[in-house]
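Worksheet: one structure, shown below.
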Amino acid sequence: MACPYLEYRKADGARSFDHERAYCAAAETFVQPMRADICNNRYDLDHGQHCEIFQAHSEGE
Amino acid sequence: MGYEAYLDADPVIITAALTGGVHGKEANPNLPETPEEIGRAAGEVEAAGASVVHLHARKPNGERSFQTERFQEIDDAVRRHTDDIIIQHSTGGTGAPDDVRHQPLRTDPPPEMASLDMGPLNRYAHLTSGNTRALVDSLHAEMIDRGIKPELEVFNDGHMNEVEGLLDRRDLADPVYATLIFGPGTLTPPTPGNFLNAIDNLPDGALFNTLGFGRHQLPFPTMGLLFGGHVRVGLEDNVYYERGGLAESNARLVERVVRLADELGWPVASTAEAREILGLEEL
(Lines give C-alpha, C1' and ligand atoms only; values in the text may rest on other atoms or scores of the structure.)
Protein backbone atom coordinates (compact mmCIF):
# COMPACT_ATOMS: atom_id res chain seq x y z
CA MET A 1 0.00 0.00 0.00
CA ALA A 2 1.33 3.40 -0.93
CA CYS A 3 2.18 6.05 1.62
CA PRO A 4 -0.98 7.39 3.31
CA TYR A 5 0.31 10.94 2.85
CA LEU A 6 0.62 10.54 -0.95
CA GLU A 7 -1.86 12.46 -3.06
CA TYR A 8 -1.93 13.24 -6.76
CA ARG A 9 -2.79 16.81 -7.57
CA LYS A 10 -2.62 19.16 -10.55
CA ALA A 11 -2.15 22.27 -8.43
CA ASP A 12 -1.25 23.43 -4.98
CA GLY A 13 -2.34 27.04 -5.10
CA ALA A 14 1.05 28.32 -6.15
CA ARG A 15 1.67 26.07 -9.15
CA SER A 16 -0.33 24.03 -11.60
CA PHE A 17 0.61 21.23 -14.00
CA ASP A 18 -0.87 19.48 -17.02
CA HIS A 19 -0.84 16.13 -15.23
CA GLU A 20 -1.51 15.19 -11.65
CA ARG A 21 1.77 14.91 -9.82
CA ALA A 22 2.83 13.27 -6.59
CA TYR A 23 2.09 15.51 -3.62
CA CYS A 24 3.05 14.87 0.00
CA ALA A 25 0.31 15.92 2.39
CA ALA A 26 2.76 15.65 5.28
CA ALA A 27 5.37 17.93 3.74
CA GLU A 28 2.66 19.99 2.00
CA THR A 29 4.56 20.12 -1.24
CA PHE A 30 4.95 18.34 -4.54
CA VAL A 31 7.69 15.74 -4.25
CA GLN A 32 10.54 14.99 -6.59
CA PRO A 33 9.78 12.22 -9.10
CA MET A 34 12.50 10.06 -7.56
CA ARG A 35 10.85 10.34 -4.16
CA ALA A 36 7.47 9.45 -5.69
CA ASP A 37 8.84 5.97 -6.31
CA ILE A 38 9.35 5.68 -2.56
CA CYS A 39 5.84 6.97 -1.89
CA ASN A 40 4.45 4.32 -4.22
CA ASN A 41 6.61 1.46 -2.87
CA ARG A 42 7.96 0.77 -6.35
CA TYR A 43 10.82 -1.64 -6.99
CA ASP A 44 12.45 -2.44 -3.63
CA LEU A 45 11.48 0.90 -2.14
CA ASP A 46 9.15 1.24 0.84
CA HIS A 47 7.90 4.47 2.34
CA GLY A 48 7.98 3.08 5.87
CA GLN A 49 11.65 2.19 5.57
CA HIS A 50 12.96 4.75 3.10
CA CYS A 51 11.05 8.02 3.63
CA GLU A 52 12.24 10.27 6.42
CA ILE A 53 9.19 12.51 5.93
CA PHE A 54 6.79 9.63 6.61
CA GLN A 55 8.86 8.49 9.56
CA ALA A 56 8.95 11.95 11.11
CA HIS A 57 5.21 12.40 10.76
CA SER A 58 4.45 8.92 12.00
CA GLU A 59 6.55 9.50 15.11
CA GLY A 60 4.71 12.72 15.77
CA GLU A 61 1.32 11.11 15.71
CA MET B 1 44.79 16.50 -21.26
CA GLY B 2 45.51 19.72 -19.46
CA TYR B 3 46.40 23.32 -19.94
CA GLU B 4 48.44 22.44 -23.03
CA ALA B 5 45.28 21.10 -24.65
CA TYR B 6 43.58 24.41 -23.95
CA LEU B 7 46.43 26.26 -25.60
CA ASP B 8 46.13 23.96 -28.60
CA ALA B 9 42.37 24.64 -28.59
CA ASP B 10 41.02 21.14 -29.23
CA PRO B 11 37.27 21.33 -29.85
CA VAL B 12 35.13 21.04 -26.76
CA ILE B 13 32.22 18.61 -26.69
CA ILE B 14 29.17 20.07 -24.98
CA THR B 15 26.70 17.60 -23.46
CA ALA B 16 23.22 18.80 -22.57
CA ALA B 17 21.53 16.83 -19.79
CA LEU B 18 17.98 17.74 -20.66
CA THR B 19 15.70 16.21 -18.03
CA GLY B 20 17.23 13.86 -15.45
CA GLY B 21 15.42 11.53 -13.11
CA VAL B 22 15.42 13.23 -9.71
CA HIS B 23 13.60 16.57 -9.86
CA GLY B 24 11.05 17.59 -12.46
CA LYS B 25 8.68 20.40 -13.39
CA GLU B 26 8.00 20.98 -9.71
CA ALA B 27 11.55 22.40 -9.56
CA ASN B 28 11.43 24.25 -12.89
CA PRO B 29 8.35 24.27 -15.13
CA ASN B 30 10.65 24.64 -18.15
CA LEU B 31 12.22 21.23 -17.55
CA PRO B 32 11.16 18.93 -20.43
CA GLU B 33 9.53 15.69 -19.38
CA THR B 34 7.51 14.27 -22.29
CA PRO B 35 9.14 12.76 -25.38
CA GLU B 36 8.00 15.69 -27.50
CA GLU B 37 9.27 18.26 -24.99
CA ILE B 38 12.60 16.44 -24.78
CA GLY B 39 12.80 16.19 -28.55
CA ARG B 40 12.20 19.92 -28.98
CA ALA B 41 14.75 20.68 -26.29
CA ALA B 42 17.27 18.47 -28.09
CA GLY B 43 16.75 20.47 -31.27
CA GLU B 44 17.27 23.71 -29.40
CA VAL B 45 20.48 22.60 -27.68
CA GLU B 46 21.86 21.19 -30.93
CA ALA B 47 21.27 24.57 -32.56
CA ALA B 48 22.94 26.22 -29.57
CA GLY B 49 26.09 24.08 -29.89
CA ALA B 50 25.62 20.84 -27.94
CA SER B 51 26.70 17.67 -29.71
CA VAL B 52 25.51 15.16 -27.09
CA VAL B 53 22.20 14.86 -25.26
CA HIS B 54 22.04 12.89 -22.00
CA LEU B 55 18.60 11.40 -21.58
CA HIS B 56 16.39 9.92 -18.89
CA ALA B 57 12.82 8.75 -19.45
CA ARG B 58 9.69 9.73 -17.57
CA LYS B 59 6.04 8.82 -17.40
CA PRO B 60 3.47 11.46 -18.39
CA ASN B 61 3.25 12.63 -14.77
CA GLY B 62 7.01 13.21 -14.64
CA GLU B 63 7.87 10.12 -12.61
CA ARG B 64 10.79 7.93 -13.62
CA SER B 65 10.53 5.33 -16.34
CA PHE B 66 13.24 2.88 -17.28
CA GLN B 67 11.26 1.13 -19.99
CA THR B 68 12.89 0.57 -23.34
CA GLU B 69 9.65 1.64 -25.00
CA ARG B 70 9.66 5.02 -23.31
CA PHE B 71 13.31 5.63 -24.24
CA GLN B 72 12.36 4.66 -27.78
CA GLU B 73 9.65 7.32 -27.88
CA ILE B 74 12.13 9.89 -26.66
CA ASP B 75 14.80 8.88 -29.18
CA ASP B 76 12.28 9.04 -32.00
CA ALA B 77 11.30 12.55 -30.92
CA VAL B 78 14.95 13.60 -30.59
CA ARG B 79 15.70 12.37 -34.10
CA ARG B 80 12.68 14.23 -35.48
CA HIS B 81 13.91 17.49 -34.01
CA THR B 82 17.69 17.20 -34.52
CA ASP B 83 20.13 16.71 -37.38
CA ASP B 84 22.60 14.19 -36.00
CA ILE B 85 23.03 14.77 -32.30
CA ILE B 86 24.69 12.02 -30.29
CA ILE B 87 22.20 10.26 -28.00
CA GLN B 88 23.44 9.16 -24.58
CA HIS B 89 21.02 7.24 -22.36
CA SER B 90 21.29 7.16 -18.61
CA THR B 91 21.48 3.77 -16.94
CA GLY B 92 21.24 5.37 -13.51
CA GLY B 93 18.35 4.44 -11.22
CA THR B 94 18.38 4.72 -7.45
CA GLY B 95 16.25 1.97 -6.00
CA ALA B 96 15.63 0.26 -9.31
CA PRO B 97 16.66 -3.40 -9.58
CA ASP B 98 19.62 -4.32 -11.73
CA ASP B 99 17.61 -5.86 -14.56
CA VAL B 100 15.58 -2.67 -14.91
CA ARG B 101 18.79 -0.64 -15.20
CA HIS B 102 19.57 -2.49 -18.45
CA GLN B 103 16.37 -1.51 -20.21
CA PRO B 104 17.59 1.90 -21.50
CA LEU B 105 20.25 0.09 -23.55
CA ARG B 106 17.71 -1.82 -25.65
CA THR B 107 16.26 0.76 -28.02
CA ASP B 108 16.47 0.26 -31.78
CA PRO B 109 18.88 1.59 -32.76
CA PRO B 110 20.73 1.57 -29.45
CA PRO B 111 22.05 4.87 -28.12
CA GLU B 112 25.56 5.72 -29.27
CA MET B 113 26.54 6.28 -25.64
CA ALA B 114 25.23 5.39 -22.22
CA SER B 115 26.19 6.35 -18.70
CA LEU B 116 27.91 3.97 -16.33
CA ASP B 117 27.73 5.07 -12.71
CA MET B 118 31.01 4.02 -11.16
CA GLY B 119 29.97 3.52 -7.57
CA PRO B 120 27.57 4.19 -4.70
CA LEU B 121 25.76 7.46 -4.23
CA ASN B 122 23.61 8.45 -1.25
CA ARG B 123 20.14 9.89 -1.81
CA TYR B 124 17.76 11.40 0.77
CA ALA B 125 18.11 10.03 4.29
CA HIS B 126 17.76 6.32 3.67
CA LEU B 127 18.73 5.52 0.10
CA THR B 128 21.91 4.56 -1.64
CA SER B 129 22.22 4.03 -5.35
CA GLY B 130 24.26 0.86 -5.10
CA ASN B 131 26.09 0.64 -8.42
CA THR B 132 27.98 -2.51 -7.49
CA ARG B 133 30.96 -3.70 -9.52
CA ALA B 134 28.86 -6.61 -10.74
CA LEU B 135 26.23 -4.23 -12.08
CA VAL B 136 28.87 -1.99 -13.67
CA ASP B 137 30.38 -5.04 -15.40
CA SER B 138 26.96 -6.32 -16.47
CA LEU B 139 25.93 -2.98 -17.95
CA HIS B 140 29.29 -2.61 -19.66
CA ALA B 141 29.05 -6.08 -21.17
CA GLU B 142 25.70 -5.25 -22.72
CA MET B 143 27.02 -1.90 -23.95
CA ILE B 144 29.83 -3.73 -25.73
CA ASP B 145 27.39 -6.20 -27.26
CA ARG B 146 25.27 -3.35 -28.58
CA GLY B 147 28.12 -1.08 -29.71
CA ILE B 148 27.40 1.58 -27.08
CA LYS B 149 30.26 3.72 -25.78
CA PRO B 150 30.23 4.11 -21.98
CA GLU B 151 30.37 7.50 -20.34
CA LEU B 152 31.95 6.74 -16.97
CA GLU B 153 30.28 8.84 -14.27
CA VAL B 154 32.80 9.53 -11.52
CA PHE B 155 30.86 10.93 -8.59
CA ASN B 156 33.81 11.14 -6.21
CA ASP B 157 37.51 10.34 -5.84
CA GLY B 158 36.88 6.76 -4.80
CA HIS B 159 35.09 6.21 -8.06
CA MET B 160 38.33 7.01 -9.87
CA ASN B 161 39.74 3.90 -8.22
CA GLU B 162 36.69 2.09 -9.56
CA VAL B 163 37.53 3.35 -13.06
CA GLU B 164 41.01 1.85 -12.75
CA GLY B 165 39.47 -1.37 -11.48
CA LEU B 166 37.10 -1.49 -14.44
CA LEU B 167 40.01 -0.98 -16.80
CA ASP B 168 41.78 -3.91 -15.13
CA ARG B 169 38.73 -6.16 -15.44
CA ARG B 170 37.42 -5.23 -18.84
CA ASP B 171 38.54 -3.83 -22.19
CA LEU B 172 37.38 -0.30 -22.81
CA ALA B 173 37.81 1.17 -26.25
CA ASP B 174 39.91 4.29 -26.50
CA PRO B 175 39.43 6.96 -25.58
CA VAL B 176 38.18 6.34 -22.07
CA TYR B 177 35.64 9.09 -21.39
CA ALA B 178 34.90 10.04 -17.80
CA THR B 179 32.54 12.65 -16.42
CA LEU B 180 33.95 14.25 -13.28
CA ILE B 181 31.13 15.35 -11.00
CA PHE B 182 31.39 18.03 -8.33
CA GLY B 183 28.84 19.15 -5.80
CA PRO B 184 27.21 18.28 -2.48
CA GLY B 185 26.51 14.97 -0.77
CA THR B 186 28.44 11.99 -2.12
CA LEU B 187 29.91 14.03 -4.97
CA THR B 188 33.46 15.32 -4.99
CA PRO B 189 33.58 18.49 -2.87
CA PRO B 190 33.43 21.36 -5.34
CA THR B 191 36.81 23.03 -4.97
CA PRO B 192 39.37 24.00 -7.62
CA GLY B 193 41.96 21.87 -5.81
CA ASN B 194 39.74 18.80 -6.07
CA PHE B 195 39.15 19.54 -9.74
CA LEU B 196 42.91 19.57 -10.36
CA ASN B 197 43.31 16.36 -8.35
CA ALA B 198 40.57 14.68 -10.33
CA ILE B 199 42.10 15.44 -13.72
CA ASP B 200 45.54 14.43 -12.40
CA ASN B 201 44.08 11.07 -11.35
CA LEU B 202 42.58 10.27 -14.74
CA PRO B 203 43.92 7.19 -16.49
CA ASP B 204 46.51 7.96 -19.13
CA GLY B 205 44.88 9.09 -22.35
CA ALA B 206 41.42 9.49 -20.85
CA LEU B 207 39.20 12.37 -21.85
CA PHE B 208 37.17 14.12 -19.22
CA ASN B 209 33.79 15.81 -19.13
CA THR B 210 33.09 18.36 -16.40
CA LEU B 211 29.86 18.44 -14.42
CA GLY B 212 29.19 20.93 -11.67
CA PHE B 213 25.95 20.29 -9.84
CA GLY B 214 23.59 23.13 -8.98
CA ARG B 215 25.33 26.46 -8.53
CA HIS B 216 28.61 24.86 -9.57
CA GLN B 217 27.35 24.34 -13.14
CA LEU B 218 29.01 27.55 -14.34
CA PRO B 219 32.40 27.61 -12.55
CA PHE B 220 33.27 23.95 -13.03
CA PRO B 221 32.66 23.77 -16.78
CA THR B 222 34.68 26.98 -16.98
CA MET B 223 37.58 25.16 -15.34
CA GLY B 224 36.90 22.22 -17.61
CA LEU B 225 37.36 24.48 -20.61
CA LEU B 226 40.56 25.94 -19.22
CA PHE B 227 42.12 22.52 -18.59
CA GLY B 228 41.32 20.81 -21.85
CA GLY B 229 38.15 19.02 -20.94
CA HIS B 230 34.64 18.76 -22.21
CA VAL B 231 31.58 20.08 -20.44
CA ARG B 232 28.07 19.14 -19.43
CA VAL B 233 25.27 21.55 -18.60
CA GLY B 234 21.52 21.20 -18.42
CA LEU B 235 18.40 21.22 -16.30
CA GLU B 236 19.03 17.72 -14.99
CA ASP B 237 21.95 19.07 -12.97
CA ASN B 238 20.88 22.66 -12.32
CA VAL B 239 17.53 24.41 -12.68
CA TYR B 240 18.80 27.97 -12.22
CA TYR B 241 20.40 30.38 -14.69
CA GLU B 242 21.44 32.71 -11.93
CA ARG B 243 20.87 33.08 -8.21
CA GLY B 244 17.12 33.20 -7.69
CA GLY B 245 16.35 32.96 -11.39
CA LEU B 246 15.14 29.73 -12.95
CA ALA B 247 16.64 28.83 -16.31
CA GLU B 248 14.24 29.37 -19.19
CA SER B 249 15.55 26.39 -21.11
CA ASN B 250 18.38 23.93 -21.55
CA ALA B 251 19.41 25.92 -24.62
CA ARG B 252 20.15 29.02 -22.55
CA LEU B 253 22.55 27.00 -20.41
CA VAL B 254 24.28 25.67 -23.52
CA GLU B 255 24.45 29.13 -25.08
CA ARG B 256 26.21 30.44 -22.01
CA VAL B 257 28.94 27.82 -22.05
CA VAL B 258 29.34 28.34 -25.81
CA ARG B 259 29.92 32.05 -25.12
CA LEU B 260 32.55 31.11 -22.55
CA ALA B 261 34.27 28.84 -25.04
CA ASP B 262 34.16 31.58 -27.67
CA GLU B 263 35.68 34.12 -25.29
CA LEU B 264 38.46 31.69 -24.45
CA GLY B 265 39.10 31.04 -28.13
CA TRP B 266 38.05 27.44 -27.72
CA PRO B 267 36.23 25.91 -30.71
CA VAL B 268 33.01 24.07 -29.95
CA ALA B 269 32.92 20.59 -31.48
CA SER B 270 30.35 19.81 -34.13
CA THR B 271 28.64 16.47 -33.79
CA ALA B 272 30.92 15.06 -36.49
CA GLU B 273 33.96 16.28 -34.60
CA ALA B 274 32.54 14.94 -31.34
CA ARG B 275 32.10 11.50 -32.90
CA GLU B 276 35.70 11.57 -34.09
CA ILE B 277 37.04 12.69 -30.72
CA LEU B 278 35.02 10.04 -28.85
CA GLY B 279 35.85 7.26 -31.27
CA LEU B 280 32.24 6.79 -32.36
CA GLU B 281 31.36 5.57 -35.81
CA GLU B 282 30.57 8.17 -38.42
CA LEU B 283 26.91 8.36 -39.37
Given heavy-atom pairs under 4.5 angstrom as the criterion, report whether the side chain, backbone, both or neither of [X] touches chain B.
{"X": "A/Glu52", "answer": "both"}
{"X": "A/Ile38", "answer": "side chain"}
{"X": "A/Asp18", "answer": "neither"}

Option among B/Arg58, B/Glu33, B/Glu236 that satisfies the side chain to side chain donor-acceptor pair (under 3.5 Å) test with B/Thr19: B/Arg58
Residue among A/Arg15, A/Gln32, A/Glu20, A/His19 with most heavy-atom pairs under 4.5 Å to chain B: A/Gln32
Cationic N near anionic O, under 4.0 Å, B/Glu153 to B/Arg232: yes
Short N-O contact, B/Arg70 and B/Glu73, less than 4.0 angstrom: yes
Leading residue by heavy atom contact count with chain A [cutoff under 4.5 Å; candidates B/Gly20, B/Pro60, B/Gly93]: B/Pro60
A/Arg9 atom CZ, over 12 foreign heavy atoms within 6.0 Å: yes
Flag side-chain contact, heavy atom, 4.5 Å: B/Arg64 against A/Arg42: no
